[in-house]
J.: 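Attaching a single structure in structure tokens format; questions to follow.
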Amino acid sequence: MKKKLISIVIPVYNEAENVLPLYGALRDVWSQLSDYDYELIFVNDGSNDTSGKAVQSLVLADKGVKYIEFSRNFGKEMATTAGIEASTGDAVIMLDADLQHPPQLIPELIVRWERGAEVVVGLRTRNHGEGLTKRGGSWLFYHIMAAISETDMLAGETDFRLIDRTVATAFNNLSEQKRMTRSLINWLGFKKEYVTFEAPARLHGETKYSTNKLTRLALYSFISNSLLPLRMAGYLGMTVTFFSGIVGITVFFERYVFNDALHWHVSGSAQLAIIDVFLIGIVLMALGIVALYIENIHTETSGRPLYVVRKRENF
Ligand code: UDP
Ligand code: MG
């Protein structure tokens, strides 16, 4: 019987010192996985160190190693996308090159997959060697995401995950530019399971994600997974107009219809302020309406498929 093929996609950006240790760790893991063939797809995301050379030396020694090189740095999400597109395995695993995603977990991912899971997500319970800013930021990201996103994401979900071939095929049909691999995979659906792990500190080098870059990624992720921020102005406008309207009407009757019967002595400038707030509310509502049109453009241009099919039979 033909062995099943597992593709492993590894985005590499200035990881020269990590390539060989990672390869060694993967070989170790494979010594227990003799029932499967592997395909290691290293995607060099425009490194300016010797990462490319390191991978190419592996290509010469091992026909299971494949290499893709970008013309410049496009970012991890694009590198992962390219790797998944190039993969041919029955399952595809995404793995960071810095050994923060322990390869020892791969057999467990495969076991879950063999038992029927189509997406097996690595859930990070701890991130060693991360500063307070990054941990705080990551906490904030997952919680905002959970609150506003239309697709679910648990705290600690990483890109370290296995996807079945059907999921990879569906993923390849997604065409948006601003992308976060894990939220797109979540959007696709399919049967999901979780495996927890503690991330060790990266083996060599520095993180490639500055706070700045991460914030930008988080913001894009929010706006591409949620339309709530866009609609917010409209909701705010409705609330402001509603309450200032009530206050305005009350003050109008008290002051001009009943001739200040309650002795509120509402000053002229206070009345002006009420009218002002009311008008601001109307402006915000108008923005909200514009937002609805933008929302429409946003969904149309993201070019996502209307639905995702797992299987077709008997056509
Ligand atoms: N990476 C990439 N392109 C980039 C930045 C990072 O391909 O522009 C790769 C990097 O080589 C690593 C993975 O993405 O394999 C995760 O990056 P990093 O460890 O710096 O992120 P962190 O773990 O700190 O979030
Ligand atoms: Mg890392």
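Start at 1 and go down the list; that is how both ligands and their atoms are numbered.
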J.: Does a side chain donor of either S7 or E39 reach within less than 3.5 Å of an acceptor in the other side chain?
T.: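 On atom types as modelled, these side chains qualify, holding a pair under 3.5 Å.
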J.: Distance under 6.0 Å and angle within 45° of the ring axis: does R255 meet both against W264?
T.: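 No, R255 and W264 do not form such a contact.
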J.: Specify the protein heavy atom at minimum distance from atom 9 (C) of ligand 1: its residue, its atom name, and the distance to 0.1 Å.
T.: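 Residue, atom and distance for the closest contact: P11 O, 3.7 Å.
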J.: For ligand 1, does L214 get within less than 4.0 Å through its side chain, its backbone, both, or neither, judged by non-hydrogen atoms?
T.: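 Answer for L214: neither.
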J.: Under a 4.0 Å N-O cut-off, is there an ion pair linking E157 with K192?
T.: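 So E157 pairs with K192 through a salt bridge.
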J.: Among all protein heavy atoms in this structure, tell me which lies nearest to atom 3 (N) of ligand 1, with the distance rounded to 0.1 Å.
T.: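 Ranking protein heavy atoms by distance from atom 3 (N) of ligand 1, first comes D45 OD2, 2.6 Å.
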J.: Of the protein's non-hydrogen atoms, which lies at the shortest distance from atom 16 (C) of ligand 1, and what is that distance?
T.: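 Its nearest protein heavy-atom neighbour is D96 OD2, 3.2 Å.
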J.: Minimum distance, heavy atoms only, to atom 2 (C) of ligand 1: which one of F74, Y13, Y209 is it?
T.: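 Among F74, Y13, Y209, the closest heavy atom to atom 2 (C) of ligand 1 comes from Y13.
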J.: Is R72 salt-bridged to D45, cutoff N-O under 4.0 Å?
T.: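 Judged by the 4.0 Å cut-off on N to carboxylate O distance, R72 and D45 do not form a salt bridge.
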J.: Return a yes/no value for E206: is any of its N or O atoms, backbone included, closer than 3.5 angstrom to an N or O of ligand 1?
T.: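 No; every N/O pair is 3.5 Å or more apart.
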J.: Backbone, side chain, both or neither: what part of K213 comes under 4.0 angstrom of ligand 1, heavy atoms only?
T.: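 The side chain, only.
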J.: Could you pull out, from R202, K76, K134, the option with a heavy atom nearest to atom 22 (P) of ligand 1?
T.: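 Answer by nearest heavy atom: K134.
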J.: Would you say V167 and V119 make side-chain contact, with heavy atoms under 4.5 Å?
T.: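 A side-chain contact exists here, since the closest heavy-atom pair is under 4.5 Å.
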J.: Does a side-chain N-to-carboxylate-O contact under 4.0 Å join K178 and E77?
T.: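 Salt bridge absent between K178 and E77.
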J.: Short list, please: which atoms of ligand 1 are under 4.0 Å from a heavy atom of D98?
T.: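 Ligand 1 atoms under the 4.0 Å threshold to D98: 19 (O), 23 (O).
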J.: Got the closest protein heavy atom to atom 23 (O) of ligand 1, with its distance?
T.: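 For this ligand atom, the closest protein heavy atom is Q100 OE1, 2.7 Å.
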J.: Can you report which non-hydrogen protein atom sits closest to atom 11 (O) of ligand 1, along with the distance?
T.: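 The protein heavy atom lying closest is E15 OE2, 2.6 Å.
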J.: Less than 4.0 angstrom from a charged side-chain N to a carboxylate O is my criterion; do R115 and E193 meet it?
T.: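 No salt bridge links R115 with E193.
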J.: Heavy-atom pairs closer than 4.0 Å: do any link ligand 1 to the side chain of K208, the backbone, both, or neither?
T.: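 Both backbone and side chain of K208 come within 4.0 Å of ligand 1.
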J.: So is there a nitrogen or oxygen of A79 less than 3.5 Å from a nitrogen or oxygen in ligand 1?
T.: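 Among all N and O atoms of A79, none is under 3.5 Å from an N or O of ligand 1.
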J.: Could you tell me if Y220 and E176 have a donor-acceptor pair between their side chains, going purely by distance under 3.5 Å?
T.: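 Y220 and E176 do not have a side-chain donor-acceptor pair below 3.5 Å.
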J.: If you stand at the Mg ion (ligand 2) and look out to OD2 of D98 and OE1 of Q100, what angle do those two lines make, to 10°?
T.: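 It rounds to 100°.
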J.: Answer yes or no on whether K134 is positioned over the face of W139, meaning its NZ or CZ is under 6.0 Å from the six-membered ring centre and within 45° of the axis.
T.: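 No; the conditions do not both hold, so K134 does not lie above the ring face of W139.
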J.: May I ask you to check if R179 and F171 form a cation-pi contact, with NZ or CZ under 6.0 angstrom from the six-membered ring centre and within 45° of the axis?
T.: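 Flagged: R179 positioned over aromatic ring of F171.
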J.: With backbone taken as N, CA, C and O and side chain as the heavy atoms from C-beta onward, which portion of V12 lies under 4.0 Å from ligand 1: side chain, backbone, both, or neither?
T.: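 Looking at V12 and ligand 1, just backbone atoms fall under 4.0 Å.
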